[in-house]
Peer 1: 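I'd like to ask you about the structure that follows.
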2 protein chains.
Amino acid sequence: MDKGEPKWRRRKEARPSEIVQAALQVFSERGFAGAKLDEIAARAGVSKGALYLYFETKEELFRAVVRQAVAPNVAMVVAFAEAFEGSFADLARALLPRAAMVIQATGLGKVVKIVVGEGRNFPELARAWHDEVIQVALGALTRLIERAQARGEIAPGDPRIHAFSLIGPLLLGVLWRETFEPVGAQPIDLAAIAEQHVETVLSGMLVKQGEGGR
Amino acid sequence: MDKGEPKWRRRKEARPSEIVQAALQVFSERGFAGAKLDEIAARAGVSKGALYLYFETKEELFRAVVRQAVAPNVAMVVAFAEAFEGSFADLARALLPRAAMVIQATGLGKVVKIVVGEGRNFPELARAWHDEVIQVALGALTRLIERAQARGEIAPGDPRIHAFSLIGPLLLGVLWRETFEPVGAQPIDLAAIAEQHVETVLSGMLVKQGEGGR
DNA sequence: GTTTAATAACTAACCAGTCAGTTAGGAATT
DNA sequence: AATTCCTAACTGACTGGTTAGTTATTAAAC
């Protein structure tokens, strides 16, 4: 035993992002408390000890996951929305399906689940997510709604609740897929939710005739 | 040390419900994995060993919590909805605020969080919740929507997605309160969400004029 | 006196974080 | 160009604390 491959290589630069990538996977599959550092290390191709050369604690590793793997995607969607020229209705019709896609492609839904489920036991997780994701995304959407209200385009009412009205069902769809489909629930199509719900929320669920508003 | 109070009493009938009650509290506060059986036992006024006289495992105890403490409340709301005489619009206007109230009063939101967050690691949790709560509630709502569609009262489209459109924002509100308010997020009023969102979803978010549907 | 609800001390397993030791790989020396 | 030295990236066995589940024993109740 001599010449062959070395047991490991020194790759100070590449490690952190590889570890973060592996951590995203394992956190997604097992949640925060359920994720084992040994498994993260194994998937990143290093030993557990190496993790501690780059990240001080498990929580700090999770924060790094949020910052490097999640926040950029959110920023992209927000930038798209803020650069959008056209009516709010058209923006909404473009935004929801796009958000649905990004959520599925990035495994963002799984991280949401972690934060929701373990926020109570690990408040730092909830705070990091709130500051880096929610504040940014929901804040941007709320401002867009306020502007559309000022233009007389959409109905009065708390703009933040309007934002909830828009994205709530999408989130429900995400949680449905992640939580109940694996145990036998009837599958649901996220893109279909996005499409139908946008039209519902923009023009209403009631058939137009005498009825209308309250 | 003799005459005085006995160290404990045999109360075969009362124990199970007391334990379930204590378990609901502790599960709510700490999540499933985070809840310690010692703490549940302490709050129920028994030792950990006594738990195992009535429940085989931690998961079975959780199922009992769902069945005895949660399902009856859901059944009540469902019964109310199915007995309702009147338009779907009026039913929705009554149902959402009522659901919001029940959720807050019973701590149901906290259990939702557990199921969402830990369903992946403990599939039995997700299955129990799906079978005893989701199937019942969402099934009933979907049927009500189908009937309203048949009467021509509400717009065509997948009735299940319509149901998502109705309750999604409320769920988002619940998760918001439970997850982000404790770490400094701007508070939101569940009743206000219910009220505004029902009107939004029934008659639409757009101001009526040339716009309308797509 | 018998039964059994209930206890308390126990075991076995798990896992975040530590640390003493190992080895890759570049720098200095020949 | 070959050899030696040095450092820090990396390993993997270990520790300490935690907790679901078990069991030998005790005492309440009839």
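Residue numbering restarts at 1 for every chain, and letters A, B, ... go by the order of the sequence lines. Hydrogens, waters and symmetry mates play no part in the numbers below; they use all other heavy atoms, side chains included.
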Peer 1: Between C:dA5 atom P and B:L51 atom CG, what is the distance in whole Å?
Peer 2: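 About 15 Å, once rounded to whole Å.
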Peer 1: Can you list, pair by pair, the side-chain donor-acceptor contacts under 3.5 Å of residues 104-111 of chain B, counting residues two or more places apart and other chains?
Peer 2:
{"from": "B:T106", "atom 1": "OG1", "to": "B:V102", "atom 2": "O", "distance (Å)": "2.7"}
{"from": "B:T106", "atom 1": "OG1", "to": "B:L108", "atom 2": "N", "distance (Å)": "3.3"}

Peer 1: Evaluate B:R127 against B:E124 for salt bridge (Lys or Arg N to Asp or Glu O under 4.0 Å), listing each step before the verdict.
Peer 2: CA-CA 5 Å; B:R127 186 168 290 121; B:E124 287 314 310; 2.8 Å; yes
Peer 1: For A:R63, what residues pass the side chain to side chain donor-acceptor pair (under 3.5 Å) criterion, not counting sequence neighbours?
Peer 2: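 Partners of A:R63 by the side chain to side chain donor-acceptor pair (under 3.5 Å) criterion come out as none, since no residue qualifies.
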Peer 1: In B/S/- notation, 5' to 3', how is nucleotides 14-25 of chain D contacted by protein heavy atoms closer than 4.0 Å?
Peer 2: -----SBBB---
Peer 1: Base, sugar-phosphate, or nothing for A:F55, non-hydrogen atoms under 4.0 angstrom?
Peer 2: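 Nothing, no heavy atom under 4.0 Å.
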Peer 1: Between side-chain atoms of residues 178-185 of chain B and protein atoms elsewhere (two or more places apart, or another chain), which donor-acceptor pairs fall under 3.5 Å?
Peer 2:
{"from": "B:E178", "atom 1": "OE1", "to": "A:R120", "atom 2": "NH2", "distance (Å)": "3.2"}
{"from": "B:T179", "atom 1": "OG1", "to": "B:L175", "atom 2": "O", "distance (Å)": "2.9"}
{"from": "B:E181", "atom 1": "OE2", "to": "B:I188", "atom 2": "N", "distance (Å)": "2.8"}

Peer 1: Which donor-acceptor pairs under 3.5 Å do side chains of residues 30-44 of chain A form with protein atoms, sequence neighbours excluded?
Peer 2:
{"from": "A:R30", "atom 1": "NE", "to": "A:E39", "atom 2": "OE1", "distance (Å)": "3.1"}
{"from": "A:R30", "atom 1": "NH2", "to": "A:E39", "atom 2": "OE2", "distance (Å)": "3.3"}
{"from": "A:E39", "atom 1": "OE2", "to": "A:R43", "atom 2": "NH2", "distance (Å)": "2.7"}
{"from": "A:R43", "atom 1": "NH1", "to": "A:Q25", "atom 2": "OE1", "distance (Å)": "2.8"}
{"from": "A:R43", "atom 1": "NH1", "to": "A:E29", "atom 2": "OE2", "distance (Å)": "3.2"}
{"from": "A:R43", "atom 1": "NH2", "to": "A:E29", "atom 2": "OE1", "distance (Å)": "2.8"}

Peer 1: Of the nucleotides C:dA5, C:dG25, C:dT7, which has the atom closest to the B:S47 side chain?
Peer 2: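 Nearest to the side chain of B:S47 among the choices is C:dT7.
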Peer 1: Taking 4.0 Å as the cut-off, does a side-chain nitrogen or oxygen of A:R9 come that near to OP1 or OP2 on C:dG25?
Peer 2: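 Checking C:dG25 against A:R9, a side-chain N or O does come within under 4.0 Å of OP1 or OP2.
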Peer 1: For the helix from C:dG1-D:dC30 to C:dT30-D:dA1, figure out the bend between the end axes, five pairs an end, and round to 10 degrees.
Peer 2: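 Axis-to-axis angle, ends of the helix: 0°.
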Peer 1: Does any pair with a residue in residues 130-142 of chain B pass salt bridge (Lys or Arg N to Asp or Glu O under 4.0 Å), and if so which ones, sequence neighbours excluded?
Peer 2: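 Output for this query lists B:R67-B:E132.
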Peer 1: Which one, C:dA6, D:dA9, D:dG12, comes nearest to the side chain of B:L53?
Peer 2: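 Of C:dA6, D:dA9, D:dG12, C:dA6 is nearest to the side chain of B:L53.
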Peer 1: Just to verify, what does A:T200 make a side chain to side chain donor-acceptor pair (under 3.5 Å) with, not counting sequence neighbours?
Peer 2: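 Result, side chain to side chain donor-acceptor pair (under 3.5 Å) vs A:T200: none returned.
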Peer 1: Using whole Å, report how far CD1 of A:I40 lies from C1' of C:dG17.
Peer 2: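 A:I40 atom CD1 is separated from C:dG17 atom C1' by 13 Å.
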Peer 1: Please determine whether a side-chain nitrogen of the Lys or Arg among B:E199 and B:R93 lies less than 4.0 Å from a carboxylate oxygen of the Asp or Glu.
Peer 2: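 Salt bridge flag = yes for B:R93 with B:E199.
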Peer 1: Provide, to the nearest angstrom, the distance between the CD atom belonging to A:E18 and the P atom belonging to D:dA9.
Peer 2: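 Between P of D:dA9 and CD of A:E18: 15 Å.
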Peer 1: Give the nucleotide from the list C:dA6, C:dG25, D:dC10 with an atom nearest to the side chain of B:A50.
Peer 2: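 Output: C:dA6.
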Peer 1: Within the pair A:R15 and D:dC10, is there a side-chain N or O less than 4.0 Å away from OP1 or OP2?
Peer 2: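 Yes.
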Peer 1: Taking side chain to side chain donor-acceptor pair (under 3.5 Å) as the test, write out the residues that go with A:E60, two or more places apart.
Peer 2: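 Residues passing side chain to side chain donor-acceptor pair (under 3.5 Å) with A:E60: none at all.
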